Amino acid sequence: MSRPELVIIGNGMVGQSLLEALVAVDHGYNITVFCEEPRPAYDRVQLSSWFSGSTTEDLALTTTAFFDEHGITLRLGERVERIDREAGTVVSSNGDTLPYDKLVLATGSYPFVPPIPGNDQPHCLVYRTIEDLEAIRDSAAESKRGVVIGGGLLGLEAAKALKDLGLDTHVVEFAPRLMAVQLDEGGARLLRRKIEALGVQVHTSKATQQIVAGDACRYRLEFADGESLDTDMVLFSAGIRPADALAREAGLEVGERGGVVIDNRCCTSDPSIFAIGEVALWSGRIYGLVAPGYEMARICAAHLTGDTARGFEGADMSTKLKLLGVEVGSIGDAHGMTPGATSCVFEDGPAGIYKKLVIDESGKKLLGAVLVGDTADYGMLLQYCLNDMKLPEQAASLILPAGADKPALGVDALPDTAQICSCNNVSKGDLCGAIASGCTTVGGLKSETKAASTCGGCAALVKQVLDAELVRQGIEVNNHVCEHFAYSRQELYHLVRVHGIRTFDELLAQFGQGRGCDLCKPTVASILASCWNEFLLKPEHAGLQDTNDYFLANLQKDGTYSVVPRVPGGEITPQKLIVIGEVAQKYDLYTKITGGQRIDMFGARVEQLPLIWGELIEAGFESGHAYGKSLRTVKSCVGSTWCRYGVQDSVAMAIFVEQRYRGLRSPHKLKMAVSGCTRECAEAQSKDVGVIATEKGWNLYVCGNGGMRPRHAELFASDLDDQTLIRYIDRFLMFYIQTADRLQRTSVWRDNLEGGLEYLQDVIIHDSLGIAEELETQMQAVVDTYVCEWKRTVEDAEAVKRFNAFVNDDTPDEHIVYVRERGQKRPARPEEKKGEPA
Amino acid sequence: MNIKANVVGWEDICAATDIVRGTGAAARVSGMQVAVFHTDDGFFALGNYDPFSDANVLARGIVGDIGGKLVVASPVYKQHFCLHTGICLEDMSVSVPVWPVTVRDGRILIAAQPAAA
Ligand code: SRM
Ligand SMILES: Cc1cc2nc3c(=O)[nH]c(=O)nc-3n(C[C@H](O)[C@H](O)[C@H](O)COP(=O)(O)OP(=O)(O)OC[C@H]3O[C@@H](n4cnc5c(N)ncnc54)[C@H](O)[C@@H]3O)c2cc1C
Ligand code: SF4
Ligand code: FES
């Protein structure tokens, strides 16, 4: 049986994209393509670059070789003159008649030239094809001044072209503003200013009535308001019209204002004829952009080859581009046409930045946006708009300059190009792709994309993307801790509290299944510690601990550990400094001042840990919990004691706070800081809990974060006295411990907290849940039962035994090898270890 | 499939009570480093060397089960290794050796050689 005939009219950007989609599958057709232009498809979107140096070859999207290779007949420079639907044939400009079984119209559109007398003179041109470019170039060579009629997106592109050709360039626009479709008044005003600053003159609210001979120049444009403008050439860019003449004559259904009507399959009113690209009218719209055309091409190809799973569902018309060097972005309902829409605007005239958000009635959804001069937020805002994401409380903060109270983005606000895993260069888009193809666990994503498989630093983000993506796909995300507990961390916390559960085994027997794993065990260990504060290394808890908590030290890459004694508030006596120096020297530990105002000693083997700590404890040190999901450091500045600006004793407060919350187990680590005045040398606003001295007391900030995704802490309460400050921190921390997810810092917890800061203030300050007292009592219980776990350990022979390198041997691990660098040891690199048995 | 059947020599490692239930410990067996685990399902022994981190640390991982498979999670980058086969769940092309273990008279015995892969 012979193959069915597929005839495609037009080899523009979309027609070509259809061919590519077809040859990618086993399409089964005999394909003939009519291409009116003298060359196969090229990149119309990039036409303007032709004037700034790129060649016709650069613009090509395909070559005749493509057609040969795929056995497609290309009829170059030949147009279809008529479609005979009855006979199922097309008639070409060469007089040939060709039969079709399926026909695709990809004829695009043509530039609209307003019916102005004099519009047909030699130097009155349009801008759509490479031939047009050549004509513009030739005309420009004989001209000094050029006028573009039309101040839309294309008109401004054209103006750029004239500018590049060295002409004195003017833009004449009928509407009162530029880019009327995409921009609002404020945005257009700024764009105009910027363009004029580049030397392009803009004339708005000008209706050209006729083009006559000029004085100073070749022509003169006469406007309805009586004014005129002389010019040597005119470039019409007043819109496009669908090239639907063939379809009209053939009796296919067309729209009132043109365009071949198609359904979701891209099928016209004749089931054997399809239309795609700028000629197609879908749901009353013509898309003058290439991306929707490409989507139509994919859909059309699928339906032509029998894959009817997907239909065209419309496309987003948001645009971001650089016009004459000015960044412009327009998203969704830029004009606020939706009933009830409100907007907020940020304008920085001197800096040349204009931003507007269009927000729905409820204030929760972004409907549209306009950005001029700075489109850095485009991706993020587009995500909000496309995904119907809930806006932050202060939506305006989204368009404020970075630094002001700009909220950290929810991960779902990140554009697909955002790099999530820097080790393995995995973008959010890559992750979403893997999720779309069936990965529903972090483990699955790890093996599929390699994300989080190297340093693991991105694991939390990967998980957030996963959850967000699953929600987006309508898959229910369960926040269960793991396969062993069908409960969230918060639920487990309550079960432990309410049922007075003291061990993992008890919890597993009553509420879980299986044996447990490295997710639920440490989580439950942490909950048990937050609630009952028992010694971590009791036999019933030991196996639950992550290696850091098991050895009360941080695991390093070579399997050794680091030692960090607590230095409350960063204040340390010279004597203690000497002890640290001596211990480090004795055990040959690499020492480093940390980012948390204390000293880290690296390279201790497990069996050395109890010995090292024995000496440190002897000298009055205690555990710094650098290994725990617990309070790390309370950073301080020198404060009023020494500093000439200090208004409170920040060091004393920092030490007090650090000693109060040391050892407190929490969903993730906790960092705090206290600054002695508003200069904020302790960087309290980047901490989970930040305290800044005021003349009258203390300002309390919460939920800040440094690290991977920095978040400014928010002012929670002002001018507190010492006691109130501590009570609020007690309540805040316990509430976080009670309700946060596993490994959720306060910042992320806060971003996900329904009701936001206000709710948090209600609970903590106004006691809206009636739990404030309970929270304080629970905190006091933890404070009262604090024991330094290292002191406890070195005094417990059974516990110390577990630090032996081997149960049956005393010789240290021979695979740990050091070399010396800058006067200290460091782990040998693999190549330096060569020859040594693994 | 009883890997213990062909074991030629057993080495006495320690008392069963020397390893806290639910945890692991490193041991030396014929000069090799072995990670011995005391689980609710009995004792297991894998190579202590973690191929992903190039460090001898598997004995310090948390034991549990994933999808019904008994596993230990590497304490460094958290890959899971099956306690029965030594195969890595995240990358099946990677595995660590498995040693036959048995308990006799309250003593843990480990085969002098790992089971053939
Ligand atoms: C030692 C130190 C770097 C240094 O040489 O200065 C350090 C080292 C480690 N940091 Fe850090 N961080 C250190 C200060 C910081 C700081 C700065 C600070 O605290 O002021 C930050 C940013 C502030 C913040 O946390 O908001 C910081 C953000 C992180 C993060 C990212 C947290 C986040 O929310 O994005 C991680 C990864 C994690 O916790 O999941 C991390 C994790 C780690 C770990 C624990 C990674 C690991 O699991 O092995 C590193 C090992 C420490 C060790 O072996 O002792 N470290 N780390 C600093 C120890 C401070 C201390 O005295 O306890
Ligand atoms: C200067 C310029 C800048 C642009 N910038 C952007 C941009 O930044 N972003 C964006 O998304 N879009 C942009 N566009 C729009 C984009 O180029 C179009 O959306 C896209 O080219 C439409 O593709 P199409 O295949 O439907 O039509 P076309 O690319 O116009 O292709 C149609 C082809 O069919 C041929 N044809 C018509 N009738 C017949 C016939 N009877 N027989 C044979 N052949 C026929 C035509 O000659 C033409 O070659 C720009 C357009 C221009 C002109
Ligand atoms: S924050 Fe203020 S008090 Fe503290 S050191 Fe800086 S200037 Fe001095
Ligand atoms: S950032 Fe992803 S593994 Fe390191």
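Below, chains carry the letters A, B, ... as their sequence lines are ordered, and counting in each starts from 1. All values reported here derive from a predicted model rather than from experimental measurement.
- For the side chain to side chain contact (heavy atoms under 4.5 Å, CB included) test with A:Arg802, the passing option among B:Asp18, B:Val20, B:Ile19 is B:Val20; the others fail.
- In terms of non-hydrogen atom pairs under 4.5 Å with chain A, the most contact-rich of B:Ala27, B:Ala73, B:Pro75 is B:Ala27.
- With a 4.5 angstrom heavy-atom cutoff, B:Ile108 does not touch chain A via any of its atoms.
- The contact between A:Leu544 and chain B is made entirely by backbone atoms, counting heavy-atom distances below 4.5 Å.
- With chain B as the partner, the residue from A:Pro522, A:Gly559, A:Ala805 showing the most heavy-atom pairs under 4.5 Å is A:Gly559.
- Without hydrogens or angle criteria, B:Asp65 side chain to A:Gly514 main chain gives no donor-acceptor distance under 3.5 Å.
- Looking at A:Thr811 and B:Arg28, their side chains do bring a donor and an acceptor atom within 3.5 Å of each other.
- Per-residue heavy-atom pair counts under 4.5 Å with chain B were compared for A:Lys557, A:Lys521, A:Glu540, A:His484, and the maximum is reached by A:His484.
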field: Steps toward side chain to side chain contact (heavy atoms under 4.5 Å, CB included) verdict (B:Arg21, A:Asp505)
entry: CA-CA 12 Å; B:Arg21 193 178 59 86; A:Asp505 286 350; 2.9 Å; yes

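- The number of heavy atoms from other shown groups lying within 6.0 Å of NZ (B:Lys69) does not exceed 12.
- Put simply, CD1 on B:Ile62 and CG on A:Asp549 are 9.0 Å apart, with the number rounded to the nearest 0.5 Å.
- Looking at B:Val76, the atoms closer than 4.5 Å to chain A (heavy atoms on both sides) sit in the backbone and in the side chain alike.
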**Request:** Verify side chain to side chain contact (heavy atoms under 4.5 Å, CB included) between A:Gln545 and B:Thr23, making sure each step is shown before the conclusion.
**Result:** CA-CA 9 Å; A:Gln545 314 297 342; B:Thr23 74; over 6 Å; no

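- Minimum interatomic distance between B:Tyr77 and A:Lys446 (heavy atoms only, all atoms of both residues): O-NZ, 4.0 Å.
- Top candidate by heavy-atom pairs under 4.5 Å with chain A, chosen from B:Val29, B:Asn48, B:Val63, B:Thr39, is B:Val63.
- If you tally non-hydrogen atom pairs under 4.5 Å between each of B:Asp41, B:Val71, B:Val36 and chain A, the highest count goes to B:Asp41.
- Neither the backbone nor the side chain of B:Asp50 comes within contact range of chain A, judged by heavy atoms closer than 4.5 Å.
- Using a 4.5 Å cut-off between heavy atoms, A:Asp809 contacts chain B through its side chain alone, with no backbone atom that close.
- When heavy atoms are compared at a cutoff of 4.5 Å, B:His80 approaches chain A solely by way of its side chain, counted from C-beta outward.
- A distance of 8.0 Å separates CG in A:Asn808 from CD1 in B:Ile110, rounded to the nearest 0.5 Å.
- Of the inter-residue distances, the one linking B:Ser53 atom OG with A:Leu555 atom CG reads 7.5 Å to the nearest 0.5 angstrom.
- Of the listed residues (B:Val34, B:Val57, B:Ile66, B:Asp91), the greatest number of heavy-atom pairs within a distance under 4.5 Å of chain A belongs to B:Ile66.
- Proximity to chain B is limited to the side chain of A:Phe551, based on heavy atoms less than 4.5 angstrom apart.
- Interatomic distance, CG of A:Asp546 versus NZ of B:Lys78, reported as 4.0 Å (0.5 Å rounding).
- In this structure, no portion of B:Val72 lies under 4.5 Å from any heavy atom of chain A.
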